[in-house]
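We count ligands from 1, going down the list as the structure has it; atoms in each ligand are counted the same way. Nothing here was measured: the structure is a model prediction, and the numbers come from that model.
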Amino acid sequence: MQQYDNFIGGEWVKGSSYFQNVNPSDVTDVVGDYAEASAEDVAAAVKAAVEALPEWASSTPQQRFQVLDAVGAEILARKEELGRLLSREEGKILAEGMGEVVRAGQIFKFFAGEALRLAGEHVPSVRPGVEVNVLREPVGVVGLITPWNFPIAIPAWKIAPALAYGNTVVLKPSEKAPASAWALTEMLSRADLPAGAFNLVMGQGQKVGEPLVTHPDVAAVSFTGSFAVGQRVAAACVQRQARVQLEMGGKNPLVVLDDADLDVAVACAINGAFYSTGQRCTASSRLIVTESIHDRFVERMVAHMQRLRVGDALDETTDIGPVIDEAQMSKNMHYIELAEKEGARRVFGGGRLQLDKNGYYMSPALFVDTTNDMRINREEVFGPVACVIRVRDYEEALAVANDTRFGLSAGICTTSLKHAHDFRQRVRAGLVMVNLPTAGVDYHVPFGGMKGSSYGPREQGAHAREFYTQIKTCYTKFA
Ligand code: NAD
């Protein structure tokens with residue numbers, strides 16, 4: 001089996017042990033053996049990033065543009081091969097895998113341009129003869145910790161701005177899907193970067209992520225993952241005054257009003273709840289539906305779900321791929337049992353499937369007769385499980401949508417301009433979708449949530465500079 005090493009200080013570094021990356025569509029297919037970094041490897045990676053910082057921080061915008069543009073172009077040119085790799089290791093279907101790879105390429109290209117556009121401000125002073133310049137500088141060494149569900153796009157949307165603004169990087173991708181991040185690292189290893197400007201350390205969160213988060217020379221940590229781990233990461237960073245940015249879970253509502261176009265509403269709900277096997281932070285897990293449209297909506301959902309084909313992610317006829325692993329499958333099954341105990345009524349799916357291939361397959365599940373205080377509607381499941389909550393009217397729908405500790409994405413299906421406008425203003429979420437699925441975003445605008453979903457400045461778009469740069473205000477008096 002091919003072994004894939006860590007990348008530290010411009011060199012490929014062997015691990016003292018290796019862990020397997022397994023295809024969730026077929027557990028007999030091992031994608032590769034990946035090096036488990038030690039605490040010493042993490043320290044070496046941070047040291048290399050510290051040493052590379054002066055050179056990369058003083059590089060020209062043109063140099064940064066060229067590095068990021070070349071990586072972006074290579075990602076786009078290899079979209080089929082990388083998309084296949086991504087679907088094989090993560091389990092999202094090929095079209096989604098390739099779409100994610102294209103997104104990663106677009107992100108690198110966008111931040112190539114941002115490197116050229118980074119400007120400070122020249123401000124007239126309130127004092128005569130004095131000039132004020134507000135400069136943006138790199139933050140320093142940044143530690144990036146990423147989850148498995150977008151194994152190339154999330155590393156891309158952290159690495160590209162980090163490098164564009166002159167920081168050096170240590171990336172720790174998820175141990176459940178390291179192949180895409182490794183492929184990206186291989187491209188960066190050939191880029192015109194100083195040795196140590198970009199480093200990859202792979203392995204378990206506690207063994208590899210924690211030493212990175214707690215390292216005194218890591219000036220900033222950008223984390224995407226679960227709420228529980230995010231809390232620990234933030235606590236460790238705040239304690240040593242490191243900058244921190246968290247993107248975490250969701251319990252995203254999709255409101256469907258009586259006046260919605262039913263075709264649009266069902267299409268949004270099916271896409272938002274079940275595509276990518278429901279394993280998206282922006283997935284619609286709470287379908288909040290007003291009374292008059294409720295029964296027609298549920299009937300159409302079930303009819304549509306009967307047509308969804310669950311199977312191998314690499315089979316082009318598949319709509320929904322497998323769950324990532326056995327642990328996630330058990331969690332999904334636990335929540336399905338719990339929902340039934342709480343009094344929810346299962347109208348479709350929710351069973352484990354035995355298919356030709358030995359993978360983690362389940363049929364997408366739809367519950368009705370649920371209330372917003374049930375645990376199934378309060379806790380993130382992170383699987384293809386959605387619950388319908390029946391409400392009287394728009395005001396109750398809005399109140400239910402906001403009654404959650406999360407606030408990542410929120411959607412509404414309606415033909416009423418008044419309600420769409422009001423929802424955009426009053427819903428407490430960082431992303432608001434009108435007649436669109438709660439998942440699916442653009443790459444040139446900010447991404448992030450409110451309340452328990454996010455902490456710190458937004459990611460992506462030009463707003464990414466708020467996290468990856470720090471400000472220096474310079475006063476000059478010309479004698
Ligand atoms: P996770 O929290 O288990 O792991 C995320 C990363 O943190 C992994 O690389 C993991 O190894 C690492 N980690 C684990 N323990 C650590 C520790 N003690 N110190 C440092 N690092 C540690 O999350 P996951 O299962 O990989 O991803 C699923 C979660 O991610 C879901 O909650 C989902 O909603 C969330 N997510 C959020 C967004 C967003 O942008 N808001 C996007 C994708 C996924």
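If you look at ligand 1, the protein residues with a non-hydrogen atom under 4.0 Å away are Ile145, Thr146, Pro147, Trp148, Asn149, Ile154, Lys172, Pro173, Ser174, Glu175, Gly205, Gln206, Gly209, Glu210, Phe223, Thr224, Gly225, Ser226, Val229, Arg232, Glu247, Met248, Gly249, Cys281, Glu380, Phe382, Leu408, Phe447.
Taking a cutoff of 4.0 Å between a charged side-chain nitrogen and a carboxylate oxygen, Lys251 and Glu379 do not qualify as a salt bridge. Contact check on Arg103 versus Glu100 returns no salt bridge, with no Lys/Arg side-chain nitrogen under 4.0 Å from an Asp/Glu carboxylate oxygen.
Within the model, atoms OG of Ser174 and CD1 of Ile324 stand 7.0 Å from one another, a figure rounded to the nearest 0.5 Å.
In this structure, Arg280 and Ala439 approach most closely via the heavy-atom pair CZ-CB, 3.4 Å.
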Run Val255 and Leu398 through side chain to side chain contact (heavy atoms under 4.5 Å, CB included) and show every step you take. CA-CA 8 Å; Val255 169; Leu398 177 68; over 6 Å; no
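Phe227 carries Arg405 over the face of its six-membered ring, with the cationic atom under 6.0 Å from the centre and within 45° of the normal.
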